[in-house]
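Note that the numbering runs from 1 along the sequence shown for the chain. Just so you know, these numbers use all the heavy atoms, side chains as well, and skip hydrogens, waters and symmetry mates. Order of listing sets the numbers, starting from 1, for every ligand and every atom in it. These numbers were taken from a predicted model, which means no experiment stands behind them.
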Amino acid sequence: MTGKTTLRLAARVSEIQPSPTMAVMADAMRLKAEGVDVVDFSAGQPDFPTPQHIKDAGEKAIVDNFTRYTPNAGMPELRKAVTDRYREDYALDFEPSESIITSGGKHALLNLMLTLVDPGDEVVIPTPYWMTFAEQVRLAGGTPVLVPTEASTGFRMTADVIAPALTERTRILLLNFPANPTGAVIDGSEIRALGALVEDADAFFLWDDTYARLMFEPPPAEAFGEVQDRLDGRFVVAGTASKAYAMTGWRIGWALGPKPVIEACGALQSQMTSNASSISQKAALVALTSDQAPLAEMIAEYKWRAERLRAGLLEIPGLSCSMPGGGFYLFPDISHYLKAGETSTDLAAAMLKEARVAVVPGLAFGLDGHLRVSFACARDVIEEGLSRLVKFFAARAGS
Ligand SMILES: Cc1ncc(COP(=O)(O)O)c(C=O)c1O
């Protein structure tokens, strides 16, 4: 390879940005591999291992030679298990044929975007937001319409905030809650109000429920069911086993929606990836159908950590931070500590260099002046991280 010729790449990829959160995680992992003692508040995944009974199911699948193709849309039992779980948890009524098993939640979202979005279509996305949303809309040829939410309200995604962004070109209102990175959750009455908005706009309500099973106080299940009824087939879900069941590496997700949408996702998937891993599907089946009680313990632990970490951050002069409604992220405002011309990315880099604490800059979620601080780490790591942050910000204040 001489590198003298310029390789022409398709226009579609020339604009795509690699995932910024993955870049930070890679930096932190590199330092850790070099033996540096890094407090990692950048993690986008549970610190808990995959529960033993789920791992056992994966191991058994291998031993039993369940290692061949499954149906493209997933094992029938798993499709049924997913839809049963949504009926039980959120009063959402999908038939197994209205579900498809994908290689992770990101893949479920991409299937849906490629199925629903045409050039010229707009997808409304409240911000701060997980940047993959906008990149996927662009990949599908559509236009992301970003709607800022306010730190002063805890980044609430209300009908009042979103209504002005809806136009006759709106194809999807994409709601991710609990949100990455803010942890904001939408309550029952707002879910209904947003459903009414989407109905008037003749659009799709797409719920990315990646962190939903980690909500501290979930909205009433009926609210979801009511919106689904009202939207008559225009309520779609992208979900994943990754976060709730500590299965990020297994790559299992799902899309739920009306049959024509799911069949189109299936056609796409059959030409791109085919079925998700057979072994992982067996493990996910056990995750979804076994006793869900361990989830409650996990949620209680995350809530404790959220409160502790937030209390510690609020002791640092000039920081503010709302309490998340679920998930494992805080999104504090650190703008008080930005020097002239500095961004949250500069501050995060300084923090990693000087304090050996890894966080993700707010700019990676479309909002400067903030940091995403993950509490997917043990209690003693939180304490150590907090004491490093207290010193780091005190030194900044003094410099
Ligand atoms: C908001 C959101 N949606 C979807 C995903 C996709 O998760 P996965 O592809 O691991 O299932 C993530 C992962 O970080 C996320 O934060």
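- Proximity of Arg251 to ligand 1, defined as any heavy-atom pair under 4.0 Å, is confined to the side chain (atoms from C-beta onward).
- Between the side chains of Ser274 and Gln269, no donor-acceptor pair of N or O atoms lies under 3.5 Å.
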Step-by-step side-chain contact (heavy atoms from CB on, under 4.5 Å) determination, Leu112 to Phe204: CA-CA 11 Å; Leu112 288 169; Phe204 280 84; over 6 Å; no
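- The pair Arg138-Glu135 meets the salt-bridge criterion, since a charged nitrogen lies less than 4.0 angstrom from a carboxylate oxygen.
- Checked against a 3.5 angstrom limit, the closest N/O atoms of Thr210 and ligand 1 fall inside it.
- Taking the six-membered ring for Trp and thresholds of 30 and 60 degrees, Phe331 and His370 have nearly parallel ring planes, at less than 30 degrees apart.
- By the criterion of a heavy-atom distance under 4.0 Å, the side chain of Lys243, and not its backbone, is placed next to ligand 1.
- If you check which protein heavy atom lies closest to atom 3 (N) of ligand 1, you get Asp208 OD2, 2.6 Å.
- For ligand 1, the atoms lying closer than 4.0 Å to a non-hydrogen atom of Gly105 are 8 (P), 9 (O), 11 (O).
- Set against the non-hydrogen atoms of Asn176, the atoms of ligand 1 under 4.0 Å away are 1 (C).
- Nearest to atom 15 (C) of ligand 1 among the protein's heavy atoms is Trp130 CE2, 3.6 Å.
- Atoms of ligand 1 lying under 4.0 Å from at least one heavy atom of Asn180, given by number and element, are 1 (C), 16 (O).
- The cationic group of Arg79 does not satisfy the cation-pi geometry with Trp254, failing either the under 6.0 Å distance to the six-membered ring centre or the 45° limit from the ring axis.
- Of the N or O atoms in Tyr329, none lie within a sub-3.5 Å distance of an N or O in ligand 1.
- Listed by atom number, the atoms of ligand 1 under 4.0 Å from Ser242 heavy atoms are 8 (P), 10 (O), 11 (O).
- Using bins of under 30°, 30° to 60° and over 60° for the plane-to-plane angle, the ring pair Tyr337/Phe393 lands in the tilted bin.
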Give the intermediate values and the outcome of ring pair (Phe, Tyr, Trp, His ring centres under 6.0 Å) for residues Trp207 and Tyr90. CA-CA 12 Å; Trp207 182 27; Tyr90 306 117; 5.1 Å; yes
